[in-house]
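Throughout, protein chains are lettered first and strands after them, A, B, ... in sequence-line order, and every chain is numbered starting at 1. Keep in mind that this is a model prediction, so the values were computed, not measured.
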Protein chains: 2
Amino acid sequence: MTDAPAARRGIPGATVARLPVYLRALAGLAATGVDTVSSEELAEAAGVRSAKLRKDLSYLGSYGVRGVGYDVVRLREEIARELGLQYDWSVAIIGMGNLGHALAAYSGFATRGFRVTWLVDEDPNLVGSRIAGLTVIDMDALATQPPAGLIGVIATPPTAAQSVADRLVEMGVHSILNFAPCVLAVPDGVEVRKVDLATELQILAFHEQHARAELGPLADLAAVEVADARQEATS
Amino acid sequence: MTDAPAARRGIPGATVARLPVYLRALAGLAATGVDTVSSEELAEAAGVRSAKLRKDLSYLGSYGVRGVGYDVVRLREEIARELGLQYDWSVAIIGMGNLGHALAAYSGFATRGFRVTWLVDEDPNLVGSRIAGLTVIDMDALATQPPAGLIGVIATPPTAAQSVADRLVEMGVHSILNFAPCVLAVPDGVEVRKVDLATELQILAFHEQHARAELGPLADLAAVEVADARQEATS
DNA sequence: AGGCGCTTGTGAAGGCAGGCACAAAGTCGC
DNA sequence: GCGACTTTGTGCCTGCCTTCACAAGCGCCT
């Protein structure tokens with residue numbers, strides 16, 4: 001997991017990070033008509049241990065019935081409320097490059113309680129154009145009407161990310177999702193979560209390398225071939 | 001973080017997850033001509049505490065010089081080696097939707113030790129077309145030449161993700177990065193890291209809601225407005 | 001050559017998260 | 001109406017990660 005920051009209202013950060021997974025699992029169960037689920041079943045659907053699931057849910061209150069399980073609809077509502085999903089949250093995507101484009105068109109946000117409301121870019125050629133049904137604006141235009149509860153998504157090159165973050169903070173945003181591969185400095189009270197694609201791959205590479213090392217030197221040759229291919233390409 | 005799995009070779013999972021961040025910070029320092037850095041400076045650049053940084057680096061060995069600091073070039077090499085980045089890793093992206101497209105075009109992979117080598121999709125209309133300089137193939141074609149050390153990136157809809165994962169495992173892949181919002185079941189020895197964009201936003205929503213609650217009921221009204229707007233849109 | 005100041009590397013302590021196991025509590029069958 | 005069965009909620013323990021604090025080590029200055 002990326003960083004699990006300080007817990008609020010007594011709910012551990014690790015638990016908060018898992019609630020969306022439970023919510024997803026519950027949505028799947030509800031779609032198939034299940035109306036009651038045991039911690040064992042739900043845990044399997046969510047990919048965790050049942051004891052962990054029960055402990056997580058216990059932080060929300062006692063919404064289960066002993067001997068029976070959890071009411072799917074009720075539990076869904078409770079988790080959604082805990083996550084603040086009883087209303088949609090507005091999302092502004094800053095940076096309309098490859099990634100920003102894809103995010104703007106990504107349907108997964110709308111179905112999970114979020115509405116992409118603003119698309120922002122600095123490039124004059126992009127400002128004014130329409131992407132995914134929205135008109136691209138610049139940061140100044142966004143700053144004129146900073147809505148309360150806005151979540152900022154930074155999809156700019158890393159060089160621009162800090163200044164964008166500064167401006168977001170300035171206009172009162174205190175939740176930022178950062179796709180730019182860099183460290184953002186923000187004041188206390190502003191929550192930054194980062195998604196770094198290359199970092200994830202590098203972590204996988206570590207495991208891949210060490211899994212390979214355990215197979216002995218023979219298995220290592222395959223990776224060396226990759227290295228050779230690289231040299232060909234760069235020479 | 002997503003899950004920090006079992007450590008190998010004694011390096012804690014939490015440390016492995018931070019090594020890429022250090023690597024990035026070192027690259028930045030090297031670009032500005034710095035050749036020696038103290039743990040304090042590097043920690044600041046990486047957004048961590050210096051004690052944590054030193055402990056992390058100590059797992060790799062003693063590459064620092066007391067009273068001086070760390071040699072930037074040397075430390076970079078050591079971390080890169082530990083992560084297995086002395087050679088490029090091949091990456092196959094499965095699912096050429098919005099996200100898959102953006103990932104294929106994302107330049108951040110190539111500059112960090114990865115080469116997108118295969119683009120895969122099931123749609124006959126897409127197979128054979130060219131995206132970002134590569135020809136899209138289908139899973140069968142990928143299976144004919146499963147290269148050792150391949151990392152699979154799943155960018156399909158969630159309904160297809162499990163079957164894609166099964167096929168990847170079948171062809172010997174044991175490192176998977178999953179963008180589909182679902183839980184993947186894989187055998188032991190296969191490493192799955194997941195990136196779920198909506199989950200990240202939901203975690204932010206939790207913090208946003210509770211940060212707001214602390215400001216009192218007045219501040220809560222703004223969010224309710226958003227809820228009203230939603231009802232208008234859905235009615 | 002010797003001492004001084006700076007920085008690393010690490011033992012120890014504290015805190016958080018995960019897993020186990022069981023008592024509490026509710027339902028179902030008879 | 002009562003007992004047996006099922007499943008939740010949770011206290012305790014264990015292990016990992018983080019933080020603190022300091023001794024060890026290195027270079028530099030005198």
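Atom NZ of B:K52 is separated from atom P of D:dC17 by 11 Å (rounded to the nearest Å). If you take CD of B:E44 and P of C:dT7, they are 14 Å apart, rounded to a whole angstrom. The CG-P distance, from A:L42 to D:dT7, rounds to 14 Å in whole Å. We find that CG of A:L53 is positioned 10 Å from P of D:dG9, with the value rounded to whole Å. Rounded to whole Å, the distance from CZ on B:R66 to P on C:dT7 is 14 Å. The interatomic distance linking B:R54 (CZ) with C:dG11 (P) rounds to 14 Å, in whole Å. We find that NZ of B:K55 is positioned 14 Å from P of D:dC16, with the value rounded to whole Å. Straight-line distance from the OH atom of A:Y59 to the P atom of D:dT10: 10 Å, rounded to whole Å.
Nearest heavy atoms, A:A30 versus A:V72: CB-CG1, 3.9 Å.
At C:dT7, none of the side-chain N or O atoms of B:S38 fall inside 4.0 Å of OP1 or OP2 (strictly under the cut-off). Applying the 4.0 Å criterion to OP1 and OP2 of C:dG18, one finds that A:R18 has a side-chain N or O inside that range.
For B:R167, the CZ atom is densely surrounded, since the number of other residues' heavy atoms within 6.0 Å is greater than 12.
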**Q.** A:L197 and B:F109: CA distance, side-chain angles, deciding distance, side-chain contact (heavy atoms from CB on, under 4.5 Å) verdict
**A.** CA-CA 8 Å; A:L197 310 178; B:F109 291 151; 3.6 Å; yes

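Where B:G67 and A:L57 meet DNA chain D, the nucleotide closest to each residue was compared, and A:L57 sits on the side nearer the 5' end. Ranked by how close their nearest DNA chain C nucleotide is to the 5' end, A:D56 and A:V68 are led by A:D56.
Of the candidates D:dT10, C:dT10, C:dG26, the closest approach to any side-chain atom of B:S58 belongs to C:dT10. You'll find that the side chain of B:A14 is closest to D:dC17, out of D:dC17, D:dT10, D:dG27. Closest contact between the side chain of A:A51 and the listed nucleotides C:dG9, D:dG9, C:dC20 involves C:dC20. Of the candidates D:dG9, C:dG26, D:dC17, D:dC17 carries the atom nearest the B:P12 side chain, counting heavy atoms from C-beta on.
Between A:E78 and A:R74 there is a salt bridge, with a side-chain nitrogen of the basic residue lying less than 4.0 Å from a carboxylate oxygen of the acidic one.
Distance alone, capped at 3.5 Å, is enough to place a donor-acceptor pair between the A:Q162 side chain and the A:A185 backbone.
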